[in-house]
Amino acid sequence: MTIIAANFKTNHTRKSTKEYLETVSTFIEDNKFENEIYIFPTATSLDEYKTVPNINVGAQNAYPTQKGSFTGEIGTEQLDEFDVKTILIGHSERRHVLGETQKSIASKYEYYSNLGYKIIYCIGEPLEVKEAGLDQTLTYVWEQFEGIDVNYDNLILAYEPVWAIGTGVTATTSDISNVHNAIKEKIDKPLLYGGSVKVNNIKEILNVPNVDGALIGTASWNAVDFCEIIKISNNL
Ligand code: PGA
């Protein structure tokens, strides 16, 4: 079953998230689509949404705590209010823009895996590493698994080259398959591709062997485009 995930980043309000989820849910219900869908709204837009069962609403980020003194963060007490049991960990913007280290990412991973959360764990190399070649890229990617229990049951991986995120530059199918094949050889978990995935390239990307789905930022923010992506991926 193809897995399609939408990362809203710092986009949409609670009101527009509600409308979005209604649109996507109705579309899935009307067409009886069966893809596994994950949607990550902003923390302020989490709520008790009624969706079709194959839509799972998750958190883009949370601190490894139930509650406490961690200004600006949320913990499981806030996630439990909305029955959120899915979390994105290791996204490139949290690593490279917000400065999360592998050590802090690994402790967040340990905390949420101990609680049984569904984790979408992201890895991916910056441009200078990609330009240094495949060996360097894989070395960089393996380092992003440091402290990560890859045998965790409730794990989905997402390979997202940093240079392809939000840039409109998509990795070529051979870039994708080189890294996906190498990861799949070692880790038997669903593996998504992310980085400028759009309506017009989703089919080609999902047809690459060892690509089990896509994690989509920009193109997911528009409900009509996201529905189109769901439709294309469901028919593959
Ligand atoms: P993008 O973002 O689709 O805008 O490139 C992907 C992501 O960051 O998950």
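First listed ligand is number 1; within each ligand, the first listed atom is number 1.
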Enquirer: Could you check whether any side-chain N or O of N234 sits under 3.5 Å from a backbone N or O of I230, counting only pairs where one atom can act as donor and the other as acceptor?
Expert: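 Not a single qualifying donor-acceptor pair exists.
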
Enquirer: Among residues two or more places apart or on two chains, list those pairs meeting salt bridge (charged side-chain N to carboxylate O under 4.0 Å, His left out) that have a residue in residues 43-66.
Expert: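 Found R14-D47.
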
Enquirer: Applying a heavy-atom distance cut-off of 4.0 Å, which protein residues contact ligand 1?
Expert: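 Close residues (ligand 1, cut-off 4.0 Å): N7, K9, H91, E160, A164, I165, G166, G195, S196, L215, I216, G217, T218.
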
Enquirer: Taking the side chain from K184 and the backbone from P209, do they hold a donor-acceptor pair closer than 3.5 Å?
Expert: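 Judged by distance alone, no pair lies under 3.5 Å.
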
Enquirer: Evaluate the side-chain proximity of N61 to E100: yes if any heavy-atom separation is below 4.5 Å, no if none is.
Expert: yes

Enquirer: Which residues end up grouped with L192 if you chain together Ile, Leu, Val, Met, Phe, Trp and Tyr wherever their side-chain heavy atoms are less than 4.5 Å apart?
Expert: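 Result for L192 is I3, Y38, F40, L88, I120, I156, L215.
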
Enquirer: List, by chain and then residue number, the residues other than Y63 in its hydrophobic cluster (Ile/Leu/Val/Met/Phe/Trp/Tyr, side-chain heavy atoms under 4.5 Å); write none if there are no others.
Expert: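 Taking Ile, Leu, Val, Met, Phe, Trp and Tyr as members, Y63 shares its hydrophobic cluster with F70.
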
